[in-house]
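Since the structure comes first, as structure tokens, the remarks are kept for the end.
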Amino acid sequence: MDVQSVGVIGAGFIGRGVAMAAALGGMRVLLYDIQEEVLERSLFHMGQRLAARSRHYGLTPGEMEEVLRRIRTVPRLESACDADLVLEAIPEDFEAKMALLRDVDRFAPPRAVLATTTSTFSVTELSGATSRPEWFLGLHFPQPPTSSRVVEVVRGYVTCEEAHELALRFCKRAGLTPIQTIDVPPFLVQRLLIPFIHEGIRALQEGVASASDIDEAMRLALQHPVGPLQLADRMGLDHVLATSEKLARETGDSRYLPPRLLRQMVRAGKLGRKSGEGFYVYDDVSTSAASAASDSMRVERRPLG
Ligand SMILES: NC(=O)c1ccc[n+]([C@@H]2O[C@H](COP(=O)([O-])OP(=O)(O)OC[C@H]3O[C@@H](n4cnc5c(N)ncnc54)[C@H](O)[C@@H]3O)[C@@H](O)[C@H]2O)c1
């Protein structure tokens with residue numbers, strides 16, 4: 001069986017990206033958010049994003065309209081659950097996710113695959129909120145799927161083969177490359193990314209090299225598009241710090257303990273691109289996170305110090 005319809009619960013940063021990717025892949029999307037105005041805003045964003053990237057997607061204006069028509073906003077959770085795959089994309093709050101998943105389990109058809117976008121909680125533990133842990137898995141998007149085409153498909157301890165296969169087919173249809181992982185949070189990308197950023201910050205903190213040399217070394221030596229400090233500035237230093245603290249708390253692993261310099265910079269309000277200054281100073285500051293992400297190559301960057 002293929003996924004024909006997807007219910008997306010939570011129309012924020014990740015939810016609307018998944019909705020758009022699924023609609024571009026020809027699937028019918030039912031999008032629900034507890035805040036009605038978020039639904040309206042999300043539809044608007046998706047329309048703008050599609051229009052801006054129509055050439056990239058190779059779409060005519062008519063086809064674009066068709067993609068948008070596949071996304072239906074619904075006023076009740078119950079309606080969003082009437083799909084082959086139901087994905088929760090609400091904020092990273094364990095109790096809130098458990099409560100929502102209990103309801104999703106009640107409303108979704110018996111053979112629907114249920115999925116979570118969690119980035120830090122155990123998928124197996126979250127599956128305990130449902131009566132069908134075999135039909136539950138994680139779809140972890142390191143970035144919204146409209147920015148990065150990769151998704152980690154996280155198999156819970158008891159996820160069945162059929163549900164796993166269906167999720168893989170969903171990813172392919174949505175134009176995403178699935179990375180198959182087991183349920184050991186933090187998931188693969190964060191596991192590699194956070195220590196990478198931490199070591200870049202520690203090298204700066206210890207005076208090993210300047211910010212621009214640290215970034216240049218990693219860009220040229222490893223052919224990364226950006227170095228660890230540039231990346232942290234893009235992500236937002238407050239976000240990096242919160243993620244590090246959460247991972248250190250959840251795993252008890254010292255690799256995720258944030259460096260002193262990161263904490264000091266966040267306290268000083270130097271949050272990266274969004275605040276105009278982080279490891280670099282940005283002369284062209286946009287306060288909108290969305291446009292900051294897409295404009296990042298146009299700003300003038302000057303390293304500090
Ligand atoms: N933002 C990222 O870069 C990122 C990256 C990887 C994973 N994630 C994960 O994706 C999930 C969503 O993150 P986000 O950044 O999109 O959050 P967000 O805050 O942008 O959006 C969450 C949306 O969920 C809605 N919501 C809250 N409770 C709800 C409920 N009970 N029912 C319906 N809607 C509800 C909110 O109104 C909000 O619009 C989180 O688990 C997060 O850890 C986020």
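In each ligand, atom 1 is the first atom listed, and ligand 1 is the first ligand listed.
Under a 3.5 Å cut-off, the side chain of Asp84 and the backbone N or O of Gln4 do form a donor-acceptor pair.
Under 4.0 Å is where a charged nitrogen must lie from a carboxylate oxygen, and between Arg106 and Asp103 at least one such pair does. Salt-bridge check for Lys97 with Glu125: failed, with every basic side-chain N at 4.0 Å or more from each acidic carboxylate O.
Pocket lining of ligand 1, defined as residues with a non-hydrogen atom under 4.0 Å away: Ile9, Gly10, Gly12, Phe13, Ile14, Tyr32, Asp33, Ile34, Gln35, Val38, Ala89, Ile90, Pro91, Glu92, Lys97, Thr117, Thr118, Ser119, His140, Phe141, Pro142.
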Output, in order, the C-alpha distance, side-chain angles, deciding distance and verdict of salt bridge (charged side-chain N to carboxylate O under 4.0 Å, His left out) for Arg70 and Glu66. CA-CA 6 Å; Arg70 284 191 205 115; Glu66 208 173 299; 3.4 Å; yes

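Screening residues 250-262 for salt bridge (charged side-chain N to carboxylate O under 4.0 Å, His left out), with sequence neighbours left out, gives Asp253-Arg255.
Classification of the His140-Phe187 ring pair by plane angle, with boundaries at 30° and 60°, yields tilted.
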